[in-house]
Amino acid sequence: MIYFDKVSKIYSPTSIALEDVSFNIAPNEFVSIVGQSGAGKSTLLKLLLAEDRPTSGKVFFESNDVHAIPKHELPALRRRIGAVFQDYRLLPHKTAYENIAFALEAAGKEEEDIKSDVPQVLELVGLVDKAWHFPHELSGGEKQRVAIARAIVSRPDVVIADEPTGNLDPLNTWDIIHLLEKINDLGTTVMLATHDKEIINSLKRRVVTLEKGRVVRDEQRGRYVL
Amino acid sequence: MAIDKITFRRILKWGFINFFRNGVVSVATVLVISLSIFMIGGVIVGSSFVSAVISSLEEKIDISAVFQDTADEQAILFLKAELEKLPEVSSVKYTSAEEALAIFRERHKDDPVVLESLKILEENPLFSSLEIKAKNPSQYESISKFLESGRYDNILGVDANGQKKITYRQNQFIIDKLSFILSTSRKIGFSVSLILALIALMVAYSTVRLAIYNSKDEISVMQLVGASRAFIRGPFLVEGVMHGVIATVFTSAALYPAFWLIGRKTSALFGEFNIFEYFISNIFQIFFILLFSGVLLGTLSAYIAIKRYLKV
Ligand SMILES: Nc1ncnc2c1ncn2[C@@H]1O[C@H](COP(=O)(O)OP(=O)(O)OP(=O)(O)O)[C@@H](O)[C@H]1O
Ligand SMILES: [Mg+2]
């Protein structure tokens, strides 16, 4: 479903983010991308969203070369991918509710669907009482949960989550991980970038390990080894 | 790109909401656009007012040629036809001696002394004349040359000093000077308005651009979440329309006392013309010009500014 084909991303000679990365993700897979800070995890996800171009190599989503898609067709691709960014990237002038609803509005969903779906995911991430808060009125963990809610509300084919639990307490962390497992069980492909050892070890799913921009391990029931 | 009804409604909704949430930035943008269209409005009203004054002054300039009392009417009408053939001439008006007398009588109908003296004279003391208007004030010189060419000496009247009765020569200095002032003030007025309008445009655009620059991260997030360009751009354009409309209301309200004041201060200078009255009598046109330029400024600036950030 997703295929990285000899992808390199070289920002400058001193910062080579990815080097000759190739791997394949099947539909409905749950793949964790692990690696030390600076290993290239965020860059990998960025390339899949076509937020940036690879220096060489190709990224395929189904049979489409992501970086050859004409500009006006990119939104349609991005709507099939729900993204949780490491730095949340919420819209600062919109409330939690509106941030989540935005993903649906952008997709042209009906107003009734928005009115029923948004409260549902708010419930799921435990933020019903903060629905009308603006991002600057939320804690880091709450912002992160809004970001997750926004990523999953439109029931995308793929969810890519970059360090989605970095600011959460253990209880919330497990809630989110179980949530990701659940949507994966319901048929959504999940790419999770993390360096949380406990999560990886308890997930018992596929793990792709990056080291200095290279894939050094790719195991079906991986453990966190560094 | 086609936008469906639901998206259009959302664009309107977010344009309104963003306008109010942007508080200070919205107010600043409205103020700058107000200032710009205030300048545009002032320049348009000012220059078209001056231009109206100039035109009416130009209307007042003419050459009149007075004929001998023995001059044959046929010959005068022939000269009239010849003058009308000249490319510089816009109109020629013939007044016969009898008509001149009738006009004179009418004008002095309340003045028994004048009427009495006319009666005593018995004969008509007035002469036939042609009143010639040029298309352009600078062309009177050549029209006058045509008249003085000598061909028409047999019918043109002569005063006590033997000078032909052509008023141009008598007023030559004033006419030349006036026509010079008129043409230069038109040119200067036009370039000043152009420069002012350009400055206004640039200031307004920079402000809008700054406001949108502040939203550039937001714009890229919207794109990554899968919003189309039209859906991202739309609310900014709606905001632009709102900026323009509110700025127009502001500006109209500010121009009113401004022209009232200017009108009072300059009434001595322009005499029968008053810029305030001119403003009032054209208020609807002015309002729509302001509205058009305000809305165009608001939306076009936003459109151009946002283009740069729709690139992720
Ligand atoms: N825009 C950029 N310009 C230059 N270098 C960059 C840029 N973005 C990332 N890099 C470099 O690319 C490398 C990989 O960065 P990346 O963000 O992918 O790491 P990461 O694995 O996500 O790390 P972390 O776990 O800290 O989030 C780093 O060395 C970083 O310095
Ligand atoms: Mg990262």
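Convention: sequence-line order gives letters A, B, ...; per-chain numbering from 1.
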- Task: With the side chain counted from C-beta on, respond yes when B:Q223 and A:E51 share a heavy-atom pair under 4.5 Å apart, and no when they do not.
- Result: no

- Item | Gap separating the OG atom of B:S228 from the CZ atom of A:R78, nearest 0.5 angstrom | 12.0 Å

- Task: For the residue pair A:R150 and B:V221, establish whether any side-chain heavy-atom pair is separated by less than 4.5 Å.
- Result: yes

- Task: Check each atom of B:K5 against the heavy atoms of chain A and say whether the ones under 4.5 Å are side chain, backbone, both or neither.
- Result: neither

- Message: Heavy-atom cut-off 4.5 Å, strictly under: side chain, backbone, both or neither for A:A103 against chain B?
- Response: both

- Whatever's closer than 4.5 Å to a heavy atom in chain B on A:K94 counts as both

Show which side-chain atoms of residues 118-135 of chain A pair as donor or acceptor with protein atoms under 3.5 Å away, not counting sequence neighbours.
unit_1: A:K130; atom_1: NZ; unit_2: A:E142; atom_2: OE2; d: 2.8

- Would you call A:E111 and B:R10 a salt bridge, taking side-chain N to carboxylate O under 4.0 Å as the test? yes

- Task: Provide the full list of salt bridge (charged side-chain N to carboxylate O under 4.0 Å, His left out) pairs with a residue in residues 202-220 of chain B, sequence neighbours left out, each pair given once.
- Result: none

- Item | Residue B:K13 excluded, over 12 heavy atoms near NZ under 6.0 Å | yes

- Message: Counting only heavy atoms from other residues, nucleotides and ligands, does the tally under 6.0 Å from CZ of B:F250 exceed 12?
- Response: no

- Note on the structure: Listed by number, the residues in residues 16-31 of chain B that come under 4.5 Å of chain A (heavy atom to heavy atom) are B:N18, B:R21, B:N22

- Looking only at heavy atoms, which two atoms of B:V225 and A:R79 are closest? And how far apart? O-CG, 4.2 Å

- Task: Please report the closest heavy-atom contact between A:P75 and B:G226, naming both atoms and the distance.
- Result: CB-O, 3.4 Å

- Roughly how far, to the nearest 0.5 Å, is CD of A:E105 from CZ of B:F231? 5.0 Å

- Would you list the pairs meeting side chain to side chain donor-acceptor pair (under 3.5 Å) in which at least one residue belongs to residues 53-64 of chain A, sequence neighbours left out? A:E62-A:R80

